[in-house]
Amino acid sequence: MERFIRSDQYHFIKNQAHNLLNGHMTTNDASVTQALQSITNEKVLDLFTDLSSEQEQLIAQASDVKDETDAILYFSRLKQYVVPFPKLSEADIQRLFPKVKKLRVPAIPDEEWAELSYIGWNDPAANRKYLITTVDGQLTGLYGHYKPLQQKSICSLCHEHEKVGMFTATFKGEEETISRGNYICHDSKKCNENIQSREHLESFIKRMKA
Ligand SMILES: [Zn+2]
């Protein structure tokens with residue numbers, strides 16, 4: 001079976017399985033856990049269209065998770081079918097930011113690529129944050145001024161309450177220069193783990209560039 005799960009879908013399935021696991025741990029009422037199981041099953045299968053029977057079987061196993069051991073085994077199996085973020089070399093990344101000189105590109109460990117909906121890193125020396133993701137299937141780079149905030153707030157990318165900073169991108173409008181700012185997670189690895197749908201991510205990038 002080929003890889004067919006996106007990172008955001010993987011995190012969504014993990015989250016659903018965790019909710020189910022919590023249900024199993026907090027109640028012994030079989031009718032409650034059965035109801036939770038069928039909700040889990042419905043939600044995870046709803047993410048996909050046109051699954052083969054083998055793929056459907058793998059996804060539906062989310063509703064069989066009953067304890068931590070099941071969860072660990074299932075998640076590691078699931079991860080084998082996640083399509084990783086396209087591997088980019090330093091030169092590839094540099095090409096996405098033609099205007100930036102002395103770009104500091106982060107090293108991303110091999111096992112993390114499957115967990116990424118976007119690549120994001122901070123350059124504190126330059127007060128910048130860089131983001132790379134696909135928008136409508138096209139690799140897109142965006143960078144902006146970045147100022148960490150002292151308290152937690154809602155991130156525009158993952159919509160979770162996290163440690164964030166103000167990200168401001170500046171671009172040329174028809175007549176004048178336009179700047180737009182939004183809070184986004186300080187820790188992009190954590191943010192990626194929170195992303196259970198690409199919707200906010202892609203619309204954020206579009207909004208910041210046009
Ligand atoms: Zn976030």
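Just so we're clear, the structure is a prediction, and the values are computed from it rather than from any experiment. For ligands, and for the atoms within them, numbers begin at 1 and follow the listed sequence.
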_Nearest-0.5 Å distance, CG of residue L88 to CD1 of residue I119_ = 4.5 Å
_So if I apply the side-chain contact (heavy atoms from CB on, under 4.5 Å) rule between R128 and each of Y146, Y143, F167, which one comes out positive?_
Y143
*Using the Zn ion (ligand 1) as the apex, give the angle to atoms SG (C185) and SG (C155), rounded to 10 degrees.*
110°
*So, Y130 versus F97, ring centres under 6.0 angstrom or not?*
yes
_Regarding H159, does it place an N, O or S atom less than 2.8 Å from the Zn ion (ligand 1)?_
no
*asked:* Test ring-ring contact (aromatic ring centres under 6.0 Å, His included) on F75 and H11; report intermediate values, then the result.
replied: CA-CA 10 Å; F75 297 157; H11 291 297; 9.8 Å; no
*Vertex the Zn ion (ligand 1), arms to C158 SG and C191 SG, rounded to 10°*: 110°
